[in-house]
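Only one structure is covered here, and it is reproduced in the block below.
The structure presented is a predicted model; accordingly, all values stated were derived computationally and were not measured. A note on names: the letters A, B, ... follow the listed sequences, proteins ahead of strands, and every chain is numbered from 1.
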Amino acid sequence: MYRHLERRLVDHLREFLRRTYDLEIANIVVEQPPQIEFGEYALPIAFELARKLRKAPRKIAEEIVAGVGAIPGFEKFEVAGGGYINVRVSRAELATALAADLSFAGRSSADRSSAANVPPGKVLVEHSSINPNKAAHIGHLRNAILGDTFVRLLRFAGREVDVQNYIDNTGVQVADVVVGFLHIEKKSRAQIEALAAAPRFDYLCWDLYARVSQWYEEDKSNLQARAATLRAIEEGNNETAAIADVISVAVLKRHLETMERLDTEYDFLPRESEILHLHFWDAAFTKLKEASVLAYENEGKNKGCWVMRRAGTSAKPLTTEDPSASPSASLGASAKAAGSEGTDEGEIAEGKITEEDQKVIVRSNGTVGYVGKDIAYHMWKFGLLGRDFGYRKFYRYPNAHDCWISTTDGEKDHPHFGDVAEIYNVIDARQSEAQNTVIEALRELGHGEAADRYTHFSYEMVALTPRCAAELGYNLSEEDKARPWIEVSGRKGFGVKADDLLDALIISAGKEVDVRHPELSEAERASIATQIAIGALRYFMLKFTKQSVIAFDFKDALSFEGDTGPYAQYAVVRASNIFRKGGFDPDAYCRDQASRVSTADFAKYLTGESGNDIWELWLAASKTSYIVSQCIATTEPAYLAKHAFQLAQLFSTFYHRYPILSEADEGRRKFLLTTAAVVRRELIRVLAAMGIGVPPVM
RNA sequence: GGGCCCGUAGCUCAAAUGGAAAGAGCAUCGGAUUUCUAAUCCGAGGGUUGCAGGUUCGAUUCCUGCCGGGCCUACCA
């Protein structure tokens, strides 16, 4: 609602400016006034126009207010301060529309969003991508929760989305655990298979992985075992590769189970083994050489390798007499000249990249590194490779949704994966350079459009506070104790496992539920505790903006009060309680003709002081689709968490201030009940987009 | 050395393309007519937004330089 009105406002204003001043303003800034009394929208446009029109901002604002005319849904334009234009919408009309939206409650979100505005084509979101050699930890949880929430946001906006989880099953990390079982534990294949079938095999691997790292430290010659194992795994069709497959598949299943606890599902699991065995790289390599994206290095430390320019570096002229010629500083002065010079500079160097700026794609022994495989994989994602995976069903979720996995020769009938219009890779900020190198490779291959639709959804890591590390029993150096946070390390076995954190959250929530609802069965209490735990965890991971390092601490993560998921869940539960006590069905309430509030009544109850109060709640409730589009445009789900919290907070105040069932005036009671029904509905939708369900009672 | 990111209340974090008095939560202190259950609400204290310049009508936000911290900078993935 809010979003549609804003668009209408901007369109009218743009047209007015064109007509009146002959000005074309592409981006008209719209804000919200600091106080609800001032209106719903604020336009600082007059300040921006002041210089162009050589007039005082206030004068311009007055002209706009006088001339813009009537816009459906809006009531009033006012000049405020030195030149702000405050805009008031028709509260009654907006409330009527928002209340009526409840009648579409049963429809899918795609029906709600205006289909015309949905961009064409499928979106591919890759997230999780956990090495299948040990248990998932809190860092992986942040990734999966960000990724899964982004998927939900895209679907909310009507996009068709494929969710992929890339599995590096042939890398050193898996090799290390194989080494551990074979060389340290001296296990046979049969014994490993038996262990892999036991519960929480990933925990066993977690510890073993740390011990292997230790074992390498003790005697560097032990590293030979890793090299030999890695080679055997990459080759395939041998005992070592078979053992690696047993391990990686078993751990992968554990990861899927862990993520399922968080209501996170995947559609397809592309594996590195198939990138290798189906020769994706060979196809990519040919194209990369043809397009001269790769250069063969004849000398220096990278002699014998195929290299690419590292992303973020630029070709520098050999003579730097003119400092203004540097590519980044040249745009303002003489963009045209700088553009041609830029290519000249590249040619002057004849594609020669300084050793420092070289990224090795193919090693001198002919094997391809991670970035090379990733380039091939991303060419596949955009349908540019000319090859495809084999597919087979791998994992079935309780809702009968199938998750597919790559194989060399798969089933005949399978969904069509890849070949998408847009991709988002949820990968932490440490891999920015590698991601940008892949994007550059696509661009240099001539696929600029694909490169533009490739988004590295970058976020910062989850680390532990020194206190948390101490609680977990790690001995810290004085230096570490003074740090704000300490990085998690799988190699050292240092971190908080995802399942452990979930278990701790469920136990903690369970204690509260047991006290509050002793009358419920154990199964009911467990189910509520689980929903609260997931709500707390998902909210916790989403409330921080992406670029903020989360310094993890059990105290904060286990909190259920204030700015938390359970707080928002509780607001919904309270709203439900009103209807239960009142004997109404909250979902059906606004659909019921008898309970419908007329536009005139909305106008009556949404004025005055208490009207302002309640209107603030309605306005917040109208913003969901606006917030969702902001989250998508900025790849920042944290705005959604903020929105959920604000909505819950406003509702809690409303709930406390206005007793509903005891309201004597029947018309007003209906209005208050409608308010509760609308907010409840919107809050449930917002929480659902965050992957958070709401328990029946709390 | 080079690249990217961060520095806001005691603590943890917000502040969309620069905009009206920089906001929450936690913690501390003080309250809430025994009511739609308090996992809640109300109130108080707490800030020269790391420092110094610059651009702008306007800077937490953009630019430059410092100070402090993190990550990346492998023929690992």
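- Listed nucleotides B:rA20, B:rC76, B:rC72 differ in distance to A:F38; the shortest reach to its side chain belongs to B:rA20.
- Remark: the A:Q173 side chain and the A:Y209 side chain contain an N/O donor-acceptor pair separated by less than 3.5 Å.
- In this pair, A:F554 and A:F552 present their aromatic rings perpendicular. The plane angle is above 60°, beyond the 30 to 60° band.
- B:rG23 and B:rU61 have their C1' atoms separated by 15 Å, given to the nearest Å.
- Note: CZ (A:R231) to P (B:rC75) measures 18 Å, nearest angstrom.
- When rounded to the nearest whole Å, the span between OH of A:Y655 and C1' of B:rC41 equals 11 Å.
- A:V515 comes within contact range of no nucleotide atom at all, as no heavy-atom separation falls under 4.0 Å.
- Look at NZ on A:K543: it is 13 Å from P on B:rA15, rounded to the nearest Å.
- B:rU49 and B:rU8 are spaced 11 Å apart, taking the P atom of each and rounding to whole Å.
- Minimum atom distance to the side chain of A:Y626 is reached by B:rA16, of the listed B:rC71, B:rA16, B:rC75.
- Base contact: A:V513 has a heavy atom under 4.0 Å from a base atom.
- Look at A:E355 and A:K301 and you find no salt bridge, because none of the NZ, NE, NH1 or NH2 atoms lies under 4.0 Å from a carboxylate O.
- A 3.5 Å limit on both hydrogen-bonding distances identifies no Watson-Crick or G-U partner for B:rU37.
- With hydrogens and angles left out, the side-chain atoms of A:E297 and A:Q358 include a donor and acceptor closer than 3.5 Å.
- If you take CG of A:D480 and C1' of B:rG70, they are 14 Å apart, rounded to a whole angstrom.
- Residue A:D556 contributes atom CG, which lies 14 Å from atom C1' of B:rA24 at whole-angstrom precision.
- Taking only side-chain nitrogens and oxygens, A:T653 comes nearer than 4.0 Å to OP1 or OP2 of B:rC42.
- For the C1' atoms, the distance linking B:rA15 with B:rG25 amounts to 15 Å, nearest Å.
- Under 3.5 Å, the side chains of A:T653 and A:R657 contain no donor-acceptor pair of N or O atoms.
- Within the 4.0 Å cut-off from OP1 or OP2 of B:rA39, at least one side-chain nitrogen or oxygen of A:R516 is found.
- Comparing atom distances between the A:N131 side chain and each of B:rA77, B:rC36, B:rA20 picks out B:rA77 as nearest.
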